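No experiment lies behind these values; they were computed from the predicted model shown.
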Amino acid sequence: MRLGAVTGVLIAGLGVLGAGRAGPLRGFLPAEARREAEFEAQFRRLPTPDRAGEDLRVLTQEPHVAGTPGDYRTAQFVLNQFRASGLDAEIVDYRVLLAYPRRVKVDLVEPIRRRGPTPENSTRRRGGKGFDGLLPYNAYSPSGDVSAEVVYANYGMPQDYDRLKSAGIDVAGKIVLVRYGRCFRGVKARVAEDRGAAGLLIYSDPADDGYRFGEVFPRGPWRPPTAVERGSILSLSDYSGDPVTPGAVATKRARRLPMGKARLPRVPTAPLSYGDAEPILEHLEGPAAPPDWQGALPLNYRFGPGPSKVHLKLSMDFRVRPIWDVEARIPGAEHPEEWVVVGNHRDAWGYGAADPASGTAPLLAVARGFGQLLQQGWRPKRTIILASWDAEEFGLIGSTEWAEEHAAQLAQHGVAYVNVDIGVCGPHFNAAAVPSLSRLLREVAAEVTDPNSGRPLVAVWAEETGAPKKGTVAGADASPRAAVNRRFEPPDASVHELGSGSDYTPFLEHLGVASANFGFEGPYGVYHSEFDNFDWMANFGDPAFRYSAVAAQILGTLTMRLAVADLLPLDYEEYGKAIQGYLGELQAVLRKLHAEDKLPTEDALRAAALFTETAARVNRAVERGEERGGDWRDKQRLNLALIQLERDFLAPNGLPGRSWFRHVFYAPGVYTGYAAVLVPGVREALERGDWPLAGRQLDEVVRAIHRASDDLRRGLEESEGATSVR
């Protein structure tokens, strides 16, 4: 279970509805519902596995790290596909700080000598280009030249360093070796810096995504001994986007912070394969690490320090470089000012078959499908924006800069943001969203067919709620993006909370736009390595590319519902129940601390109950309007209220200590980076033992809930349907 998360809203009680028809379309008048259902069914027939495979083949022909020529060529490909679909499309460029490696040297110098790192040497694809991408490295690591003894620190979490300290081991001046998992790699770098480490090495242990679980690539889907997980170590807990233009748009002439004042990592950091980590660990002495620190390598893991000594030498090239977002727009016929934004990032650390091309291919399929529908008379009521983001891998940069550029418009009229990151790396559906979109996700899942079983996807998803787990999470912070740094376990048939780690972050947690993220998961051991290529996807991730076609069906149907509905299909009754659950969890924490009197929650619970009841009245009004063919005096008033509600949940001054994050219910954990912390202002104040701050933050939550209740009530009363349910 993710840190600070609740179980989510189970769909097992929904009931299984037939694929292709899931009952009345919520938010649509009867005549419009019939027309919409016909267009949706037509759209879902358009994406094909063959075309998905061809798109993926083109997108993975060469490495396309953000800001490189290969990245620009993929931008041109996406642009051409958008335009060939008949959509108005353009490339939008930003100038951002990117860091590339000039030299990466990790040599074991004592008690034996061994040069590193070892090249990955993956099997080349027939007809494909060689691996001309960058050396395996951690983006935004500083340059450095360090020789020091090694200390093993498990996953590099604060509690791991505390355990070392209790054993009398000081990491100051040492090179710390930690394994991937449990938290975002940027957190590992931040904690190592805080503890005085001279250098940091991060490796992938086979206990987390390697041979412990089966055959490694190319014989199986798991991580081979030479595979290295690249990735940024820029902190995602403070803000996302270009690190030298925080809160501002990174144009060519933007004012930039000097690098010395930007929030950049200070400890030289490099990633390793487990093949290169093994001899370092093998020659460590000192106390034996406890059982929960033992990985799957055939050795006894020890703390150190030494006698393993490593020479870490890094030379990095920091420059402001161009990146390229690609966007296509379909203007709304009735409310063009209202935006439904759909996005996937395009940049990759290598060939990027699963991450992110398995999400880009469905985005292209949606563009083609919408292009064909437009030729046949379909028109969305609201503007649809299809976006291919760049530099997500460096810190959600392309999406954040775009969101900051359009912040005023999104804050006023942003309806929703739908994200796909790793679209497919297996057959098991997983989704995360704000609760107002959870019901819509379930309804759309009832409209599509699971390729393996031929049954409605919602039925398969529901069954997996009770399925026996086939693996164990490698940490409390299973990324919402996909099965990353962990053995795969089938996800609960629930809609989880959004934390961070993908492009929904600036939309939801900075600007307050209702957001969702989904994908199909499976055994995925080649994350961020050279081996995440077309061969891996064709053999293990999505053989025959059937799930890519289904991902396109889901993405397009979600978008159509949001862009065409007479009344927006945002369910705030479910949101209210979720808020009551979050506050109930907070109460449980206070009971454990015997501190219920220090932080009374009654006002917050009463506010949440009132909000839930108001939202239930809205749902009843919507249902009556659907039955009667619509008797709303001004349905747009209610739509505007529904759009505003997510913004009501923003704290005007943001979270204490990290004001860029403004949502009172969701933020990434400071020491996890991916997983959601619920009611974060209150929770983090409690962790610091600051009771006055916790009280002020809880007051902020109560004010946010009341704002939402008031806006929803006014919207309801100004619509015709409110008169029958007062």
Within the 4.5 Å heavy-atom criterion, are [X] and [Y] side-chain neighbours or not?
X      : Y      : value
Asp532 : Trp349 : no
Phe520 : Cys425 : no
Glu497 : Leu678 : yes

Do [X] and [Y] have side-chain N/O donor and acceptor atoms under 3.5 Å apart?
X      : Y      : result
Ser240 : Thr400 : yes
Ser502 : Asn419 : yes
Gln42  : Gln376 : yes
Arg346 : Thr360 : no
Asn619 : Tyr572 : no
Thr60  : Asn533 : no
His345 : Asp421 : yes

task = Could you tell me the separation between the CD1 atom of Ile330 and the CZ atom of Phe370, rounded to the nearest 0.5 Å?
result = 6.0 Å

query = Applying salt bridge (Lys or Arg N to Asp or Glu O under 4.0 Å), which residue pairs with at least one partner in residues 368-384 are found, sequence neighbours left out?
reply = Glu32-Lys381, Asp55-Arg368, Glu338-Arg382, Lys381-Asp566

ask   = Parallel, tilted or perpendicular for Phe217 and Phe531, by the 30°/60° rule?
value = perpendicular

Aromatic ring pairing Tyr575/Tyr666, orientation class (parallel under 30°, perpendicular over 60°, tilted between) = tilted

